[in-house]
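Reminder, nothing fancy here: chain letters follow the sequence lines and each chain counts from 1.
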Protein chains: 2
Amino acid sequence: MTARSGNLKLIRAIETPLPVYYRLQEALKKKIEDGNWKPGQLIPSERLIAGEHQVSVGTVRKAVLNLVYEGYLYRIQGKGTYVAGTKLRKDSLRYYRMMEALDGGEAELEIRFIGLKEIQGFDPASALLGHPRDRTLYELRRLFLHDGAPLVYCESYLPKGIFRDFDSFPPARFEKSTLYEMIEQTYGLPCIYNHELFGAVAAHGAVAKQLGVNAGSPLLFIEMRSFTYKDRPYEFRRSYCVTGTRRVFAEI
Amino acid sequence: MTARSGNLKLIRAIETPLPVYYRLQEALKKKIEDGNWKPGQLIPSERLIAGEHQVSVGTVRKAVLNLVYEGYLYRIQGKGTYVAGTKLRKDSLRYYRMMEALDGGEAELEIRFIGLKEIQGFDPASALLGHPRDRTLYELRRLFLHDGAPLVYCESYLPKGIFRDFDSFPPARFEKSTLYEMIEQTYGLPCIYNHELFGAVAAHGAVAKQLGVNAGSPLLFIEMRSFTYKDRPYEFRRSYCVTGTRRVFAEI
DNA sequence: CGTAATTTGTACGTATGTATG
DNA sequence: TCATACATACGTACAAATTAC
């Protein structure tokens, strides 16, 4: 149903014209993806859209409800239909769900800013972000702590071309909310989905030092790529997690 | 939208009666959860259901489509509506998606049966399965290999009460398909969702030996609980993964 | 191979209920 | 109180896919 999944409808296009509701749905989606309609904004009512596009209200409902299911819109009875922001609610943000056991509780994590600087592009970061290696990247380093003890150390890489003046913000700006939220609020780019690769590595050098563990001790290693509209990657992240008592939770 | 999420509709019940489509939806869901309609089975047509329940076809459509979105049913134009099986298509089965890199390809894994035996219940397995410790469990041990090299070793624990005669199957039965599929086909129990906990551990004893790695080398450790209808857990699994060249992929 | 019957998919319409401001 | 907007529920007609004849 999402952009990355099926293109069943496109196959039909060869034989028969696309359904009215589907063309409308894609037209509305384009408004959002192109930034004409921004997150939080109220869109026109069913009747208005129906009038503008010369279709029935039922057809508008179908198009709009599909976009609600896809996470592009949300509706409130009596008020209207709004553009949705980052799909990833706190529930599905794996990074920040550290648990003691499968039936245990969630730990509150504190974010600590370590550093932010411009660096030259490198692989695999540049390749995974779809940029040539000569484009500058921002490198953001952060630490996540629970009860004062470091649990996760992560390095994020973001294209300077997209995130202009990223280094003009005070460090506190990176410590008060998740990076997802900060980017959505500041640049209007919501996070639509992530790709993640889980592995285990032995702690080494700077990482071991930041996390306060012995070199050689096992760490959970997560490589992540975040995507916004139109399947465009905008962040590459490497995380190292201490998982002695708490571990990273996921629900599928 | 799923059973484990919101109960918004229940709040309304205090003030106003539940919508017709919703009561029908829950009635159809109950048929599936109670096993009256089994995975793969064709359910009655829209018109038939509408006649039986004395509601309009549009109302049946809404109820049925909601259950499609929830993963309980799927529809084929011209054929009918069928009861869906395990939600987890191969795409979302993390365990069997071992990749070289975030933009790399997927590795085909071979399943090898190691052993199956009855054991006495123990915690955390019994607790996580919602059974007292004196109930017998099955312990299934398997190995997943790529190009002959072991990548994943896992131990599954299943209640003997649910999986009667689980040990009467030949080992090959566990090597030809995923455990999800085997259980769905044999016991009619589809997997609806999983909970997983990711961590890193140092290889030790039997696990290190099975995976052919040195003791102390880092392994990805995954604890998993699988749920079927009505949020009932039916499997507890511990997996140890060698993630030197290939790692476990997830999409959110 | 075409035809008919069945089933879902699309598109339209109307009326009424409920929530918001 | 009232207008607005979404939610529910009913209905009809035709298109498209499948299957059996």
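Rounded to whole Å, the distance from CD on A:Gln25 to P on C:dT10 is 10 Å. Rounded to whole Å, the distance from OH on A:Tyr21 to P on D:dA15 is 17 Å. Rounded to whole Å, the distance from CG on B:Leu67 to P on C:dT8 is 14 Å. The distance from atom OH of B:Tyr82 to atom P of C:dT6 is 16 Å, rounded to the nearest whole Å. At whole-Å resolution of the value, OH in A:Tyr22 and C1' in D:dA16 are 18 Å apart. In this structure, CG of B:Leu24 is placed 10 Å from P of D:dA9, rounded to the nearest angstrom. Rounded to whole angstrom, the span from the CZ atom of B:Arg75 across to the C1' atom of C:dT10 amounts to 12 Å. The interatomic distance linking B:Tyr74 (OH) with D:dA17 (P) rounds to 19 Å, in whole Å.
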Short N/O separations, protein against nucleotides 18-21 of chain D, under 3.5 angstrom:
residue : atom : partner : partner atom : Å
D:dT19  : OP1  : B:Lys79 : NZ           : 3.2

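Scanning for side chain to side chain contact (heavy atoms under 4.5 Å, CB included) contacts around B:Arg112 gives B:Glu110, B:Leu143, B:Leu145, B:Glu175, with sequence neighbours left out. A:Arg61 is linked by a side chain to side chain donor-acceptor pair (under 3.5 Å) to A:Glu46, counting only residues two or more places apart in sequence or in another chain. The side chain to side chain donor-acceptor pair (under 3.5 Å) check on B:Ser177 picks up nothing, with sequence neighbours excluded. Looking at residues two or more places apart in sequence or on another chain, you find a side chain to side chain contact (heavy atoms under 4.5 Å, CB included) between B:Thr186 and B:Phe169, B:Arg173, B:Met182. Partners of B:Pro171 by side chain to side chain contact (heavy atoms under 4.5 Å, CB included), not counting sequence neighbours, listed by chain and number: B:Phe113. The side chain to side chain contact (heavy atoms under 4.5 Å, CB included) test applied to B:Tyr74 returns B:Ile76, B:Tyr82, B:Ala84, not counting sequence neighbours. Listed by chain and residue number, A:Asp34 satisfy the salt bridge (charged side-chain N to carboxylate O under 4.0 Å, His left out) test with A:Lys30 (two or more places apart in sequence, or in another chain). Scanning for side chain to side chain donor-acceptor pair (under 3.5 Å) contacts around A:Lys62 gives an empty result, with sequence neighbours left out. Not counting sequence neighbours, the partners of B:His146 by the side chain to side chain donor-acceptor pair (under 3.5 Å) test are B:Arg246.
Here the closest non-hydrogen pair linking A:Phe236 and A:Leu128 is CE1-CD1, 3.5 Å.
The shortest distance between the side-chain N/O atoms of A:Thr81 and the OP1/OP2 oxygens of D:dC6 is below 4.0 Å.
B:Tyr187 and B:Phe163 have perpendicular rings, their planes meeting at more than 60° on a 0 to 90° scale where under 30° would count as parallel.
Near DNA chain D, meaning a heavy atom under 4.0 Å from it, residues 47-63 of chain B has B:Val55, B:Ser56, B:Thr59, B:Lys62 in order of number. Of the residues in residues 36-44 of chain A, none has a non-hydrogen atom less than 4.0 angstrom from any atom of DNA chain D.
Pair assignment for D:dA5 gives C:dT18, based on Watson-Crick or G-U wobble hydrogen-bonding distances that are each under 3.5 Å.
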